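Right, one structure below, let's go through it.
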Amino acid sequence: MSLQGKAARSGVGRCWLLLLVNLGAQEEPSEAVSGVGNSEGLGHFIASHPVFFASAPVLISILLGASFSRYQVEESVEHLLAPQHSLAKIERNLVNSLFPVNRSKHRASCLRYPSKRMTHTLAPPEFKPDHESQLHAAVTKIQVPRPGFNYTFAHICVLNNDKTCIVDDIVHVLEELKNARATNRTNFAITYPITHLKDGRAVYNGHQLGGVTVHSKDRVKSAEAVQLTYYLQSINSLNDMVAERWESSFCDTVRLFQKSNSKIKIYPYTSSSLREDFQKTSRVSERYLVTSLILVVTMAILCCSMQDCVRSKPWLGLLGLVTITLATLTAAGIINLTGGKYNSTFLGVPFVMLGHGLYGTFEMLSSWRKTREDQHVKERTAEVYADSMLSFSLTTAMYLVTFGIGASPFTNIEAARIFCCNSCIAILFNYLYVLSFYGSSLVFTGYIENNYQHSIFCRKVPKPDVLQEKPAWYRFLLTARFSEDTSDGEEANTYESHLLVCFLKRYYCDWITNTYVKPFVVLFYLIYISFALMGYLQVSEGSDLSNIVATATQTIEYTTAQQKYFSNYSPVIGFYIYESIEYWNTSVQEDVLEYTKGFVRISWFESYLNYLRKLNVSTGLPKKNFTDMLRNSFLKAPQYSHFQEDIIFSKKYDEFDVVASRMFLVAKTMETNREELYDLLETLRRLSVTSKVKFIVFNPSFVYMDRYASSLGAPLHNSCISALFLLFFSSFLVADSLINVWLTLTVVSVEFGVVGFMTLWKVELDCISVLCLIYGINYTIDNCAPLLSTFVLGKDLTRTKWVKNALEVHGVAILQSYLCYLVGLIPLAAVPSNLTCTLFRCLFLIAFVTFFHCFAILPVILTFLPPSKKKRKDKKNPENREEIECVEMVDMDSTRVVDQITTV
């Protein structure tokens, strides 16, 4: 109207033109506008107090870092890796109440998952009886000096009923064989897996002789390995301390024995070996983690550097890593103060923080480069926060939700729950420190840039005319573009000399959207899906605890030898009848024998029935006769006296009754694995529910595998559901719900591919890989959400134009964070540990597959799949349009015509 008034007063002839402008196209939802306003205010506030926000995180980290004096290491592997709520633990308590551990012989022990203090020696090959005798004598003579007394094996061993130490039956077998050879007796032969000793006692040697070759009638021709097990008491703190020192001396004795007998190979293994080898991963990883830190710092500095010495930001690359380090230190301090204990799974927490923090810092730096240089630093900082804080806050919320669900009581694996809990703490402080410490660092570098100071040395950069008089090397170090040297049209392109920006804008964006490239990308994606499906169909859960320990350790060596020489039989399974039954009843006898059919049985019950048959006595005796003969005849015989530990009698009036008993079962297998043993456990449990005889089955290894699959998958399952729910719920709040649809499909595609290729790379689904998959959900959202948001919200241009625009705006930040993250992962591949090997493979696949989606799959698929930009053009609507007058002014004093157009 003011323009019309001027024209009227000048007597100017007017012509009216209508200019239709869609005012509603630039409107944002009220929630987004509110968030942007809050973000701008926060950015302006931080820019006004940069010293406080730079110093406060440092001070907090130092104060909390002092809590490392309370640093503790988790000692119990079972507490970490066994399901917290499982039927096997209830069964173990019942078994221990009926048959205390100190009365339990090795037949109930599991050779791979010892629950109490046991020491094993496994000796293949060329192990002769003489070697066994010498080693056994050396072990039993080990002394543990204490003030005033020297403890030997006899003082701390588990005792029989006759107050002698329990030793493996194979010791007696080899002694008899040695005596038979010395006296030239040929009537003694070792049979497998049951051997009958000279006193008539039948002993099981299936887990004590390995690599056995047999003649006819199960007579042993040769054996490649022998295993000896020694059982120590652990009844009080003093006894436990002595037993621990005895185990250490035991390993030293075995090593010395092997040096003097170089032809044999001996593998010692103790009850603390698994715990020590699990925590050893942290020690062997130290120098590799330092190397990783150096590589990440170097790459971050290079990614933030430019030839322009003023606009180059190497310090911001370094300070981004400092921000993540301060957050890590703060989180570790809180964990120490709250009584948390360290374990080797925590090695994955810094990489979770690295992926989250790098995304935030590089997005803020990318937003800074889009601001105008002629603005004040506070205004530029406010624009940076308005541009990047909202998306960074939403992705952080996703981290907290997914890991928070994993940290909830629904997670049955304690190691996974603790990892998720600590990750939540670390991510929260990472978010706060990025916004405060890194934001204030951005302010300081902004002032340096505005003053045209060198980005590294902070000295004033001379003008070009002064710089021409300097040497070439000096001009190279202080090369900078001054605003007065550029026209207005070039001002926005001051950062385009960055190598990654040039690469994306000039080459990659045009190449990936080329019509001839798209079919090959689609073909690669189909191949990707095919191989991912192949691996997905072969997913298996972690089958051995040796997958979480360092490689060159006792656990790995012992387990490898176990699988090689002792895989013919499953671990010994205890069969416990915990209530009084009619053992004298022939139908009950048939039921019990039927339940244990197909196993190698070490059973007082079967031996007693055979004993009665040898005496030509019916097995269907009356109750009193059956029990009296069992107590007074069968158990008194020397060859059957060891069965006294397997039966519990009760006396009521003058009559005895068997109230509980146990037997031991061993399954014949071609190769013992976790799935096979778990199926066997479930079959026996189902049978115990339906059978007339009330029994339970137990082996110490059941504590680790019981409900392991459901317990292991629960954190991932719950996190996926929570992530999908959050994406669905937020679809009503974002500018376009199609963003969340595409984001959900991308996350599913990435996770599916990671699981498939993880399996093809021989990574099983264990605690570490599940935690990595939870992190993979968030890493994918971090990198893909900005691209999808920019593309979906774009209007009026073609799909291809908006794909290019999305890559140009966010591609540099994604590429920078990916390069830094990748070089940080590489040293993990060299760590001699199975845990870090799993960690490296899973994190590398997550990063690689996500990068493949961000820079190949999405840019191609989005060019020919919805949303259609043509349909998104606004229709002609008079309510959203405004008349604009184009006034043609004619100067009355001259014939010159001036056209002026005003825009709204």
Side-chain angles (χ1 to χ4, degrees), residues 106 109-146 150-158 165-175 178 205 207-211 223-234 239-280 545-546 549-566:
H106 62 280
S109 70
C110 174
L111 299 175
R112 198 171 299 173
Y113 304 98
S115 60
K116 294 296 179 183
R117 288 206 173 274
M118 308 176 191
T119 55
H120 305 272
T121 53
L122 197 158
E126 300 186 18
F127 196 82
K128 300 179 181 179
D130 291 339
H131 293 147
E132 181 273 333
S133 301
Q134 296 171 10
L135 178 60
H136 180 67
V139 169
T140 54
K141 292 178 181 178
I142 294 175
Q143 294 186 351
V144 178
R146 291 292 298 165
N150 291 334
Y151 289 88
T152 63
F153 176 70
H155 297 107
I156 58 176
C157 66
V158 178
C165 290
I166 292 178
V167 294
D168 278 347
D169 292 322
I170 192 63
V171 175
H172 304 300
V173 172
L174 294 178
E175 286 179 354
K178 182 179 179 181
N205 57 28
H207 288 151
Q208 297 165 0
L209 290 178
E224 299 180 14
V226 174
Q227 180 169 241
L228 302 177
T229 307
Y230 298 90
Y231 305 88
L232 310 180
Q233 295 184 33
S234 181
N239 186 269
D240 191 61
M241 180 181 63
V242 172
E244 185 175 359
R245 294 185 60 183
W246 190 92
E247 287 181 346
S248 178
S249 300
F250 166 81
C251 294
D252 296 336
T253 301
V254 170
R255 294 189 187 98
L256 289 174
F257 185 85
Q258 182 173 337
K259 288 182 179 179
S260 60
N261 298 272
S262 57
K263 291 185 178 180
I264 62 175
K265 181 65 176 177
I266 306 178
Y267 303 99
Y269 184 78
T270 68
S271 61
S272 58
S273 293
L274 180 62
R275 169 178 56 83
E276 293 173 355
D277 296 342
F278 173 60
Q279 301 297 355
K280 186 178 179 181
L545 291 180
S546 60
V549 301
T551 51
T553 56
Q554 294 177 352
T555 301
I556 295 296
E557 294 176 349
Y558 177 79
T559 304
T560 302
Q562 271 279 331
Q563 294 173 347
K564 180 179 180 181
Y565 297 105
F566 295 92

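Side chains are part of it too, since the values below use all heavy atoms of this structure and drop only hydrogens, waters and symmetry mates. Note that the coordinates shown come from a computational prediction; the quantities given were computed from them, not determined experimentally.
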**Asked** Does a side chain donor of either Thr270 or Ser272 reach within less than 3.5 Å of an acceptor in the other side chain?
**Response** yes

**Request:** Would you tell me whether Tyr558 and Gln227 have side-chain atoms, one donor and one acceptor, within less than 3.5 Å of each other?
**Result:**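 A donor-acceptor contact under 3.5 Å links the two side chains.
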
For the backbone of [Y] and the side chain of [X], can you confirm whether one donor and one acceptor N or O come within less than 3.5 Å of each other?
X: Ser248; Y: Glu244; answer: no
X: Gln143; Y: Tyr151; answer: no
X: Asp168; Y: Thr229; answer: yes

**Prompt:** Hey, would you say the His136 and Phe257 ring centroids sit under 6.0 Å apart?
**Reply:**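 For His136 and Phe257, the ring centres are not under 6.0 Å apart.
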
State the [atom1]-[atom2] distance between [X] and [Y], to the nearest 0.5 angstrom.
X: Glu276; Y: Thr553; atom1: CD; atom2: OG1; answer: 10.5 Å
X: Met241; Y: Ile156; atom1: CE; atom2: CD1; answer: 11.0 Å
X: Arg146; Y: Arg245; atom1: CZ; atom2: CZ; answer: 6.0 Å
X: Tyr267; Y: Thr555; atom1: OH; atom2: OG1; answer: 14.0 Å

Minimum heavy-atom distance [X]-[Y], with the two atoms named:
X: Phe566; Y: Gly210; result: CE2-N, 3.4 Å
X: Val167; Y: His172; result: CG2-NE2, 3.6 Å
X: Leu274; Y: Val549; result: CD1-CG1, 3.8 Å
X: Glu247; Y: Leu232; result: CG-CD1, 4.0 Å
X: Ala223; Y: Leu209; result: CB-CD2, 4.1 Å
X: Ile264; Y: Ile266; result: CD1-CD1, 3.8 Å

**Charged N-O contact under 4.0 Å between Asp277 and Lys280** =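 Answer for the salt bridge query: no.
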
**Request:** Give the C-alpha distance, both sets of side-chain angles, the deciding distance and a yes or no for side-chain contact (heavy atoms from CB on, under 4.5 Å) between Leu228 and Ile170.
**Result:** CA-CA 8 Å; Leu228 302 177; Ile170 192 63; 3.5 Å; yes

**Asked** According to the interplanar angle, ranging from 0 to 90°, do the rings of Trp246 and Phe250 count as parallel (below 30°), tilted (30 to 60°) or perpendicular (above 60°)?
**Response**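 The rings of Trp246 and Phe250 lie parallel, inter-plane angle below 30°.
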
